[in-house]
> 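Below are the structure tokens for one structure; questions will follow.
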Amino acid sequence: MLKRNLSVKLAPQRWQDNAGDGVFDVVMTFEEKVFDSVLEDLNNREQSLMKTILVMNLEVKDNHEEAAIGGRLALELCQEIEGNETWEDSIDDIVAGFEKQHRRKLVYSISFY
């Protein structure tokens, strides 16, 4: 896993250290404690842009097989969201369809920043 990670990024990344890097529409996490940390940070930040942001968690075990599956599922989910102009209005249906099709539970929250 470490060798794979080295080819993807230089070092572990914390949301709190990188949240100011740009404007985000969707933040995808793969561990519930990371999801909770992102939401806590968003709730404690000054909301200067008042832009909606969708924070989603797809729980993935930290091994090669689960990481590959989780990556494909996350891509599919993001493409579904991107293909919908008003995701804010249809996110419940998107999530329900994803959960039914893949038998995986998603946790999500809409926030502002």
Side-chain angles (χ1 to χ4, degrees):
M1 293 298 289
L2 291 175
K3 286 182 183 179
R4 184 210 63 191
N5 289 348
L6 283 172
S7 68
V8 176
K9 56 188 176 182
L10 297 175
Q13 295 172 296
R14 287 176 11 109
W15 163 262
Q16 296 86 342
D17 298 336
N18 295 291
D21 288 350
V23 177
F24 301 94
D25 296 316
V26 177
V27 174
M28 178 69 85
T29 65
F30 298 94
E31 190 175 343
E32 190 171 356
K33 70 180 184 179
V34 176
F35 174 80
D36 293 339
S37 294
V38 169
L39 288 179
E40 181 181 349
D41 184 68
L42 284 169
N43 289 330
N44 291 329
R45 281 182 187 267
E46 182 178 324
Q47 297 161 347
S48 57
L49 297 177
M50 289 308 293
K51 182 176 178 351
T52 57
I53 185 169
L54 175 63
V55 183
M56 304 189 82
N57 185 67
L58 173 64
E59 197 69 27
V60 174
K61 292 179 184 168
D62 196 11
N63 63 51
H64 292 289
E65 183 179 334
E66 277 290 311
I69 293 168
R72 284 192 300 273
L73 292 176
L75 176 61
E76 181 182 320
L77 181 58
C78 288
Q79 288 172 333
E80 177 78 22
I81 293 166
E82 185 177 40
N84 195 314
E85 289 185 30
T86 58
W87 64 262
E88 292 95 336
D89 297 332
S90 57
I91 191 62
D92 291 333
D93 294 333
I94 292 170
V95 168
F98 179 89
E99 289 177 335
K100 183 177 180 181
Q101 180 180 357
H102 298 290
R103 296 185 179 149
R104 292 234 182 180
K105 182 75 175 148
L106 287 174
V107 179
Y108 70 96
S109 179
I110 297 174
S111 192
F112 295 90
Y113 74 105

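Values below: all heavy atoms of this structure, side chains included; hydrogens, waters and symmetry mates excluded.
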> Between Lys33 and Glu59, does at least one N-O distance fall below 4.0 Å, as a salt bridge requires?
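Not counted as a salt bridge, because no side-chain N and carboxylate O are separated by less than 4.0 Å.
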> Quick check for you: to the nearest 0.5 Å, what is the distance between Met56 atom CE and Phe30 atom CZ?
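The CZ atom of Phe30 is 10.5 Å from CE of Met56, to the nearest 0.5 Å.
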> Are Ile110 and Val26 connected into the same hydrophobic cluster when the rule is that any two of I, L, V, M, F, W, Y join if their side-chain heavy atoms are below 4.5 Å apart?
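Looking at the clustering, Ile110 is in the same group as Val26.
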> Answer yes if Val55 and Met50 sit in the same cluster of Ile, Leu, Val, Met, Phe, Trp and Tyr residues linked by side chain heavy atoms under 4.5 Å apart, and no otherwise.
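No; tracing contacts between hydrophobic side chains, which count when under 4.5 Å, never links both residues.
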> Would you check if the side chain of Asn44 reaches a backbone N or O of Glu40 as a donor-acceptor pair within less than 3.5 Å?
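Here the side-chain-to-backbone pair exists.
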> Looking only at atom types and distance, does a side-chain atom of Glu32 sit under 3.5 Å from a main-chain N or O of Asn57, one as donor and one as acceptor?
no
> Do Phe24 and Met28 land in one hydrophobic cluster if side-chain heavy atoms of ILVMFWY residues count as linked below 4.5 Å?
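Looking at the clustering, Met28 is in a separate group from Phe24.
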> Checking salt bridge (Lys or Arg N to Asp or Glu O under 4.0 Å) for the pair Arg104/Glu66: CA distance, chi angles, key distance, verdict?
CA-CA 12 Å; Arg104 292 234 182 180; Glu66 277 290 311; 3.1 Å; yes
> Kindly check if the number of other-residue, nucleotide or ligand heavy atoms within 6.0 Å of CD (Glu99) is above 12?
yes
> Would you say Glu88 and Thr52 make side-chain contact, with heavy atoms under 4.5 Å?
yes
> If I compare all heavy atoms of Leu42 with all of Ser111, which pair ends up nearest, and what's the gap?
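Reported closest heavy-atom pair: CB-OG, 4.0 Å.
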> Tell me, with the steps shown, if His102 and Leu73 meet side chain to side chain contact (heavy atoms under 4.5 Å, CB included).
CA-CA 8 Å; His102 298 290; Leu73 292 176; 3.3 Å; yes
> Which atom pair, heavy atoms only, marks the closest approach of Ile53 to Trp87?
C-CH2, 4.3 Å
> Going hydrophobic residue to hydrophobic residue with side-chain gaps under 4.5 angstrom, can you get from Tyr108 over to Val38?
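The answer is no; the residues belong to distinct hydrophobic clusters.
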> Rounded to the nearest 0.5 Å, how far apart are CD1 of Ile91 and CZ of Phe98?
11.0 Å
> Which value, rounded to the nearest 0.5 Å, describes the distance between Ile69 atom CD1 and His64 atom NE2?
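Interatomic distance, Ile69 CD1 to His64 NE2, rounded to 0.5 Å: 13.0 Å.
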> Kindly compute the distance separating CG (Asn84) from CD (Gln79), expressed to the nearest 0.5 Å.
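Result: 13.5 Å between the selected atoms.
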> State, yes or no, whether a side-chain contact exists between Lys51 and Tyr113 at a heavy-atom distance under 4.5 Å.
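Yes, at least one pair of side-chain atoms sits under 4.5 Å.
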> What heavy-atom pair brings Leu58 and Gly70 nearest, and what distance separates the two atoms?
CD2-O, 3.9 Å
> Measuring from Ser90:OG to Glu85:CD, what's the distance to the nearest 0.5 Å?
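So the OG of Ser90 and the CD of Glu85 are separated by 10.5 Å.
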> Is the closest side-chain heavy-atom distance between Leu77 and Ile94 below 4.5 Å?
yes
> Here's a test for you: under side chain to side chain contact (heavy atoms under 4.5 Å, CB included), which of Val95, Leu54, Asp25 qualifies with Ile81?
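Exactly one pass, corresponding to Leu54.
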